[in-house]
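What follows is a single structure, written as structure tokens, with notes after it.
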Amino acid sequence: MDQDVAAKEQPRYIKLNERDNVAIVVNDFGLPAGSRFACGLTLRAFVPQGHKTALVDIGQDQPIIRYGEVIGYALSPILAGEWVDEARIRMPEAPDLDKLEISTAVPAPLPPLEGFTFEGFRNPDGSVGTRNILGISSSVQCVKGTMEYAVKRIRAELLPKYPNVDDVVPLTHAYGCGVAINAPDAVIPIRTLQNLALNPNFGGEILVISLGCEKLAPERLVPEGVSDAIVRMQDEAFDGFGAIVDAIMTQAEARLKILNKRTRETCPAADLVIGLQCGGSDAFSGVTANPALGFAADLLVRAGATVMFSEVTEVRDAIQLLTRRAINEDVGRALVREMAWYDSYLARGGADRSANTTPGNKKGGLANIVEKSLGSIVKSGSSAITGVLSPGQKATQKGMLFAATPASDFICGTLQLASGMTLQVFTTGRGTPYGLAAAPVIKVATRTELARRWKDLIDFDAGGIATGAKTIEQTGWDLFRLILDVASGRTKPWSDRWGIHNDLTLFNPAPVT
Ligand code: CA
């Protein structure tokens, strides 16, 4: 069936760099053997959409080149027009962290972009939220059920009285007890919880629900100078569950009253903190959605915003391209430090970088992590990298930052929230219903076929770039404008319209006990 459908369109492929000796098939559902491209190349086998065909004969052990970079070596001779599937490619070694060029190709500052604004909620500390949410923290998983019970009642009984508040979100998690709280790596989950509560979308209102006997003392989640912010379930003053829930609701209402005074005001785009992520990637990710996002990221950087890209295992194999863009030696060294930390983290678990690619990535045409990484880093645009954040660290700089996180969608989302991200743009080729309760997520499809099929899950279609219907620049500008609209609350992404959100998921590389 697929081959019949495929044969009706003019066969097209995309070659990204003049050095490339492979190109990916553009046509929906792929192309059958015998398909002839405009250049005269004829396919010798069926090639699925997004998969690679050889443009020239490639000898055994010769490099296979995409994005102008080596993505692997031919395990056996490959003829022009054959399908270059993952089984035919030997993966290259990861770049040696001791031999990287640092700050050797720092891009010149991009021309400033003036006059772009959004409607945001300005906080006393100067940060600006895109949503007005009461976030309720917890110091231990034991209280999760209680919090969810209380939040259900807060939503039903209190929230309608405070129309300027968008939502109440319980910041629940699996951490807090039964963990090696003093292990060196415990700094990551603890810092993440501390900084999550400070996300600009929560307006600086802190409330922590605690059990009372947990290892993570709830005081550690309350910033200095804030008092009366903890409800401890084991407090002897509480006579039964009802009294505990009443206490949570009383504390919540006091904060809802304050948050309800917040209203949107016009803020420069420089006040945005935008997170970039991808998930369910395919071979089009690096051709359509990520380049468009990279263009939009450059616009944001030019407007003075903070933008962060992440996912260590998806930049590790292209790190040599990023350290050159580090604005100075310190930032370059910090990039290398985060890569080295993750290499040893993976080694401790008996895994390596090849653990990243999923069956869906491979089905979508991504042969290995090298190819995936080259397509992934494109979303960081073309500006200098101005800062590096360790997992869960709060961003304090402007410009393009690398926020070190795992590539796991929900962990990356959680860590970017802790870093202060107030809106995330998420590119996907295979499709995911991913969403976050604490910040809006714009989902961008790499292919029009996906955007059509998931018309009520995908917010933005970047697929027109592959068919030539739109340029990267046009698509990037459209995406930039959508970011301002969603940040302003004028447009609601699909995940928020349906109310479908992923769990907060902490990154805990430390032992559990
Ligand atoms: Ca991801």
Side-chain angles (χ1 to χ4, degrees), residues 16-22 52 61-74 89-108 276-278 281 283 285-287 290-291 293-294 297-298 301 307-347 351-357 361 366-390 399-407:
L16 290 169
N17 185 287
E18 60 182 37
R19 293 183 56 213
D20 292 0
N21 57 10
V22 293
K52 292 172 284 300
D61 297 324
Q62 291 304 300
I64 295 165
I65 300 172
R66 193 172 171 224
Y67 299 101
E69 303 282 333
V70 176
I71 63 165
Y73 299 91
I89 305 176
R90 177 167 55 80
M91 187 160 76
E93 294 299 309
D96 186 341
L97 293 180
D98 296 326
K99 293 180 183 155
L100 295 173
E101 292 177 20
I102 294 196
S103 302
T104 51
V106 185
L276 315 180
Q277 209 203 151
C278 52
S281 298
S285 298
V287 177
N290 289 345
L293 182 51
D298 280 350
V301 167
V307 187
M308 56 182 90
F309 71 114
S310 292
E311 305 179 278
V312 172
T313 51
E314 284 171 21
V315 308
R316 175 65 180 88
D317 278 84
I319 190 66
Q320 75 281 8
L321 305 176
L322 296 176
T323 50
R324 288 177 206 154
R325 276 170 60 194
I327 195 149
N328 57 40
E329 183 85 10
D330 282 352
V331 168
R333 293 279 159 226
L335 272 170
V336 174
R337 179 195 71 216
E338 293 301 333
M339 297 301 120
W341 184 91
Y342 217 94
D343 278 358
S344 73
Y345 165 71
L346 287 174
D352 65 21
R353 63 213 234 276
S354 66
N356 176 296
T357 37
N361 292 153
L366 292 173
N368 57 36
I369 187 60
V370 181
E371 186 176 17
K372 187 173 173 180
S373 298
L374 290 166
S376 174
I377 64 161
V378 179
K379 61 177 154 352
S380 67
S382 63
S383 62
I385 294 166
T386 54
V388 175
L389 306 173
S390 292
M400 179 56 68
L401 313 182
F402 179 70
T405 77

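Nothing fancy with the numbering, it's 1 onward along the sequence. Keep in mind it's a predicted model, so treat the numbers as computed, not measured.
Summarising the geometry of Ala326 relative to Val106, their closest heavy-atom pair is O-CG2, 3.2 Å, with the distance given to 0.1 Å. Considering every non-hydrogen atom in both Ala403 and Ser310, the closest pair reads O-OG, 2.7 Å. Heavy atoms only, all atoms of each residue included: Thr323 and Glu101 are closest at OG1-O, 2.8 Å. Across all their heavy atoms, Ala297 and Leu276 have their closest contact at CB-CD1, 4.2 Å.
Only one option out of Gln277, Arg353, Lys372 pairs with Glu314 in a side chain to side chain donor-acceptor pair (under 3.5 Å); it is Lys372. Under the side chain to side chain donor-acceptor pair (under 3.5 Å) rule, Thr313 has a single partner from Asp343, Asn356, Thr357, which is Asn356.
With values rounded to the nearest 0.5 angstrom, Leu401 atom CG is found 11.5 Å from Ser380 atom OG.
A salt bridge is absent between Arg19 and Glu69; no separation between the charged side-chain nitrogens and carboxylate oxygens falls under 4.0 Å. The pair Glu311-Arg316 fails the salt-bridge criterion, with no side-chain N (NZ, NE, NH1 or NH2) lying under 4.0 Å from an Asp/Glu carboxylate O.
There is no side-chain donor-acceptor pair under 3.5 Å between Ser373 and Asp317.
For Tyr73, there are no ring pair (Phe, Tyr, Trp, His ring centres under 6.0 Å) partners at least two apart in sequence or on another chain.
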Query - Trace of the side-chain contact (heavy atoms from CB on, under 4.5 Å) decision for Leu389 with Phe402 - result: CA-CA 6 Å; Leu389 306 173; Phe402 179 70; over 6 Å; no

